[in-house]
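Have a look at the structure below, then the notes.
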Amino acid sequence: MPLNRVVITGRGAVSPLGIGIAELNDGVWQGRSGVKIMEDWRLIKGMRAFTAAPVPEIDPKSLLPRAMRRTMGDMAIHATLAAREAADDAGLSDERLGSGRIGAAIGSTTGSPEAYEAFYKKFLAEQSIEELKSGFFFKIMSHSCAANVCLALGITGEQWSPASACSSSAQAIGLGYMLVKSGRQDAVLCGGADEVHHTVTMVFDVLKAASRNHDQPLHTPRPFDRARDGVVCGGGSGMLVLESLESAEARGAEIYCEVLGFGHINDCSHIANPHTDAMAGAMRAALDEAGVSVAEIDYVNAHATGTLQGDIAEAGAINKTVGSEVPVSSLKGHIGHTLGAAGALETVIMLEMMRRQEIVPTLNLENPDPLCGDIKLPLEIAPHKIDTVIKNNFALGGVNTSLVFRRWQ
Amino acid sequence: MLTDEQIRQRIIEVISEEFELEPAQLVPEATLYDDLGLDSLDAVDMVVAMEKSFGVKLANEEAIKAVRTMDDLCRLILSLKKDI
């Protein structure tokens with residue numbers, strides 16, 4: 001059976017820069033940061049990282065009916081809003097969404113940490129479940145975002161929920177790519193979500209990998225910069241519609257790019273430390289599957305979160321894979337590390353770079369670290385041919401993913 | 001001690017707030033599932049809301065299952081009036 005070509009026909013975003021892809025892209029091109037100080041976190045004993053990039057406050061009541069909201073934590077609300085935008089952007093009708101030929105692959109690090117905390121706070125203090133509401137489990141289950149999105153949009157195809165922390169939505173894109181390529185689905189809504197919460201940032205704080213640059217919250221994180229001091233966690237949701245070329249053309253849908261390859265390499269050397277060879281292996285595998293040569297790569301969208309070790313390891317892997325002349329940037333300076341949403345949200349921005357034929361540099365990168373030095377790090381927005389790109393996302397636990405995309409012409 | 005009418009009024013307020021329904025919809029004959037659009041998950045939350053609001057325990061599961069309308073709910077809560 002011939003394999004399908006896979007294209008992207010829809011985009012949706014809820015990000016630290018606002019609700020919707022227009023807010024996200026406008027913010028990025030204006031060089032805005034979504035990072036702020038979380039004052040309440042200063043009260044937590046032992047916590048030393050107080051910056052985050054949360055989604056601006058919204059009133060979910062005005063956006064989603066109660067029957068949907070009762071089973072959603074913030075991350076599922078954000079995923080649903082992003083998914084609706086992506087489905088609308090793709091022009092997918094309710095009938096098509098409910099045809100069984102469209103699925104969903106939507107991941108997150110965990111279920112809603114806010115819902116977990118609210119439950120255990122009461123349960124541990126009172127040893128009681130007497131006031132436990134029915135929606136609790138549906139907010140904390142690992143597939144909370146996928147399940148709630150399918151319910152809200154009436155999706156009746158395959159439901160998947162890749163959970164791998166920081167690479168969850170990159171895995172979701174890879175999974176959707178395989179499902180569409182193989183013909184199991186005509187289209188898959190792919191993405192992820194996560195929410196800003198102190199129990200998330202404290203994971204990085206404990207590992208000494210979270211930024212403590214509290215004096216200048218708008219200037220952290222600083223991927224690839226000499227003064228970088230760690231991750232700033234963000235929240236939100238990114239969503240993409242991956243569709244077979246045949247289906248997209250039959251519908252007359254606008255096509256943004258083609259997904260050409262997915263590299264997915266596990267590194268079993270250490271549960272937390274980055275591994276240059278595994279990162280390079282993921283990029284190489286994606287290029288090989290894409291049938292794309294290094295000379296064709298116009299830009300690398302890096303995972304680079306602003307940690308000391310991770311940025312050096314990734315810079316080394318990029319240099320090893322594409323050399324030192326291909327422009328590289330990370331989008332974590334604008335939106336923080338949105339964890340399960342990162343792969344999809346950053347791909348939404350990457351698609352806008354393709355559309356504008358401009359490369360967005362890494363926000364807060366002023367003095368490239370010589371240890372990350374052997375790659376090309378632009379410092380200003382500049383016109384550049386961007387047809388074929390590599391998109392990286394890596395996660396604690398040894399997960400290394402790379403995707404190769406090509407602009408549709 | 002609350003009068004029956006005050007208890008009925010309070011039930012309407014609680015259901016209205018919990019399920020984001022207009023008080024005018026909550027007439028005695030309104031059925032919880034068909035007329036008000038509630039479902040099995042809401043039934044769980046309805047019991048929690050009643051227990052919290054009136055400080056009572058709705059321990060009789062058969063009696064809860066038998067509740068079909070707003071009036072049934074009011075009668076159930078009123079049957080516990082001595083505890084309110």
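Letters A, B, ... mirror the listed sequences (proteins, then strands); counts begin at 1. As the structure is a prediction and not an experimental result, all values here were calculated from the model.
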Candidate pair E130(A) and K57(B), rule side chain to side chain contact (heavy atoms under 4.5 Å, CB included), full reasoning: CA-CA 10 Å; E130(A) 284 187 331; K57(B) 283 282 155 242; 3.4 Å; yes
From CA spacing to verdict: side chain to side chain contact (heavy atoms under 4.5 Å, CB included), E51(B), E131(A): CA-CA 8 Å; E51(B) 289 184 341; E131(A) 290 182 10; over 6 Å; no
Stepwise side chain to side chain contact (heavy atoms under 4.5 Å, CB included) check, R66(A) with E18(B): CA-CA 9 Å; R66(A) 179 198 66 84; E18(B) 180 71 26; over 6 Å; no
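Under the 4.5 Å side-chain criterion, counting only non-hydrogen atoms from C-beta, L132(A) is not in contact with V44(B).
Here the CG-NZ distance, from L41(B) to K133(A), works out to 11.5 Å after rounding to the nearest 0.5 Å.
Atom CD of E13(B) is surrounded by more than 12 heavy atoms from other residues, nucleotides or ligands within 6.0 Å. In E61(B), the CD atom is not crowded: 12 or fewer heavy atoms of neighbouring residues, nucleotides or ligands sit closer than 6.0 Å. Summarising the local packing, CG of L124(A) is surrounded by more than 12 heavy atoms from other residues, nucleotides or ligands at distances under 6.0 Å. Counting non-hydrogen atoms of other residues, nucleotides and ligands closer than 6.0 Å to CZ of R101(A) gives a total above 12. Atom CD of E95(A) has 12 or fewer heavy atoms from other residues, nucleotides or ligands within 6.0 Å.
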